[in-house]
Participant: 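Provided herewith is a single structure, encoded as structure tokens, for subsequent inquiry.
All values reported here derive from a predicted model rather than from experimental measurement.
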Amino acid sequence: GFDSQEEVTQYAEVAEWQRELLASDESKSARDYWRDYCRKIDYAALDLVLAPFERKSPGEFAPAAVVKRIKVESLGLHAGTSLPDFLLACWQVFLSRMSGRPNITVGCQFNGRSNSELATALGAFAKYLPLDASCDGDLKFSALLAQVQRDSADFRNWQDCFSWSN
């Protein structure tokens, strides 16, 4: 429950804290991480990923669906692999194959509540961070999954210091 005596962190206080964090020396390594990470992304090609989905079919639209229930355990997830990371890796492979592009960047939502003080704060703190993956044809899925897991963990650690303006 909510304790009425407990002070709730306000969104404006968090916004000010974040501005100060992004300007401080203590966040330099995080800002460097994001600058280096974002340099490898081909932003001009992002629109091209959706191009195959925008083509009109010459025939009638006749969707077909196959429904199959599976148990998460049957996916063969290795210890430490989360279902969201597994599905994200699958999505990146799908987009890569559909677009014919080996490098895929997707916006991944992170909750922006990495500090315990933000758990009860009012406001929208979520951020979409650009997760890039190389889905080269020679790359094994397990290697891609490891890349996604590594980047997701880094993103959770560094999300407070991400800014599209840097």
Side-chain angles (χ1 to χ4, degrees), residues 1-51 53-54 72 75 77-96 98-99 101-136 139 141-166:
F2 178 74
D3 180 5
S4 62
Q5 302 299 322
E6 185 179 321
E7 187 174 324
V8 176
T9 305
Q10 298 296 315
Y11 185 78
E13 295 169 330
V14 176
E16 179 61 29
W17 165 79
Q18 190 145 37
R19 275 194 300 277
E20 290 172 3
L21 176 67
L22 290 172
S24 73
D25 288 339
E26 92 181 45
S27 69
K28 182 177 179 350
S29 60
R31 291 191 320 266
D32 290 346
Y33 169 84
W34 284 116
R35 184 194 64 236
D36 294 343
Y37 187 90
C38 289
R39 278 185 180 158
K40 69 181 182 177
I41 297 173
D42 182 6
Y43 291 98
L46 293 179
D47 287 338
L48 299 176
V49 171
L50 295 177
F53 300 102
E54 295 173 352
V72 173
L75 295 174
L77 297 177
H78 300 286
T81 302
S82 70
L83 184 60
D85 285 346
F86 176 80
L87 294 174
L88 177 57
C90 291
W91 180 243
Q92 288 180 306
V93 168
F94 173 77
L95 289 176
S96 176
M98 289 300 294
S99 68
R101 304 188 63 78
N103 291 335
I104 295 295
T105 302
V106 295
C108 295
Q109 183 185 33
F110 289 82
N111 68 9
R113 296 176 186 269
S114 57
N115 296 326
S116 60
E117 296 86 20
L118 298 179
T120 60
L122 300 175
F125 300 105
K127 293 182 180 184
Y128 284 88
L129 307 177
L131 197 141
D132 188 64
S134 175
C135 300
D136 189 347
L139 187 71
F141 184 77
S142 59
L144 173 63
L145 183 56
Q147 176 187 343
V148 167
Q149 288 176 293
R150 185 176 48 253
D151 286 348
S152 292
D154 287 347
F155 282 23
R156 278 187 285 281
N157 290 333
W158 298 107
Q159 65 181 315
D160 292 332
C161 296
F162 178 81
S163 171
W164 284 105
S165 62
N166 287 348

Participant: If I compare all heavy atoms of S96 with all of P102, which pair ends up nearest, and what's the gap?
Facilitator: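 That closest heavy-atom pairing would be OG-CA, 3.8 Å.
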
Participant: Quick one: side chains of residues 16-23, donor-acceptor pairs under 3.5 Å with protein atoms, not counting sequence neighbours, listed by atom name and distance.
Facilitator:
unit_1	atom_1	unit_2	atom_2	d
E16	OE1	R19	NH2	2.7
Q18	NE2	D160	O	2.5

Participant: What verdict does the ring-ring contact (aromatic ring centres under 6.0 Å, His included) test give for F141 and F86, after you've listed the backbone C-alpha separation in whole Å, the side-chain angles of each residue and the deciding distance to 0.1 Å?
Facilitator: CA-CA 10 Å; F141 184 77; F86 176 80; 5.8 Å; yes

Participant: Using modelled atom types and a 3.5 Å cut-off, is there a donor and acceptor pairing between side-chain atoms of R101 and backbone atoms of L95?
Facilitator: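 It does not hold such a pair.
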
Participant: Residues two or more places apart in sequence or in another chain: which of them pass side chain to side chain contact (heavy atoms under 4.5 Å, CB included) with S82?
Facilitator: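 With neighbours one apart ignored, the set is P84, D85.
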
Participant: Enter the distance from T105:OG1 to D42:CG here, rounded to the nearest 0.5 Å.
Facilitator: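 Going from OG1 on T105 over to CG on D42, the span is 8.0 Å.
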
Participant: Once rounded to the nearest 0.5 Å, what's the spacing between atom CD1 of I104 and atom CG of L131?
Facilitator: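 If I round to the nearest 0.5 Å, the distance is 11.5 Å.
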
Participant: Rounded to the nearest 0.5 Å, what's the gap from CZ on F155 to CH2 on W34? Could you check?
Facilitator: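 Nearest 0.5 Å value for the CZ-CH2 distance: 4.0 Å.
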
Participant: Just jot down the side-chain hydrogen bond (donor to acceptor under 3.5 Å, both in side chains) partners of Y37, sequence neighbours excluded, or say none.
Facilitator: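 Y37 satisfies side-chain hydrogen bond (donor to acceptor under 3.5 Å, both in side chains) with D151 once adjacent residues are dropped.
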
Participant: Does the pair K28/D32 count as a salt bridge with the N-to-O cut at 4.0 Å?
Facilitator: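 Salt bridge present between K28 and D32.
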
Participant: Quick one: are L145 and T81 in side-chain contact, heavy atoms under 4.5 Å?
Facilitator: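 Yes. Closest side-chain heavy atoms under 4.5 Å.
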
Participant: Hey, what do you get for OG (S163) to NZ (K127), rounding to the nearest 0.5 Å?
Facilitator: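 Spacing of OG (S163) from NZ (K127) equals 7.0 Å.
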
Participant: Rounded to the nearest 0.5 Å, how far does SG of C108 lie from CG of L88?
Facilitator: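 Reported value, rounded in 0.5 Å steps: 4.5 Å.
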
Participant: For the atom pair OG (S142) and CD (Q149), what is the distance rounded to the nearest 0.5 Å?
Facilitator: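 Separation between the atoms: 10.0 Å.
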
Participant: Identify the heavy atoms of Q92 and V148 that sit nearest to each other, and give their distance.
Facilitator: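 Where Q92 meets V148 most closely, the heavy atoms are OE1-CG2, 3.3 Å.
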
Participant: At their closest point, which heavy atom of D132 faces which heavy atom of K40, and how far apart are they?
Facilitator: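 Answer, listing the atom of D132 first, then K40: OD2-CE, 4.0 Å.
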
Participant: Would you mind reporting whether W164 and P130 have side-chain heavy atoms less than 4.5 Å apart?
Facilitator: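 Touching, per the 4.5 Å side-chain cut-off.
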
Participant: Can you name the nearest heavy-atom pair linking F162 to Y128, along with the distance?
Facilitator: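 Scanning both residues, the minimum pair turns out to be CE2-O, 4.2 Å.
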
Participant: With a sphere of 6.0 Å drawn around CD of Q109, does it hold more than 12 non-hydrogen atoms of other residues, nucleotides or ligands?
Facilitator: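 Counting other residues, nucleotides and ligands, CD of Q109 exceeds 12 neighbours.
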
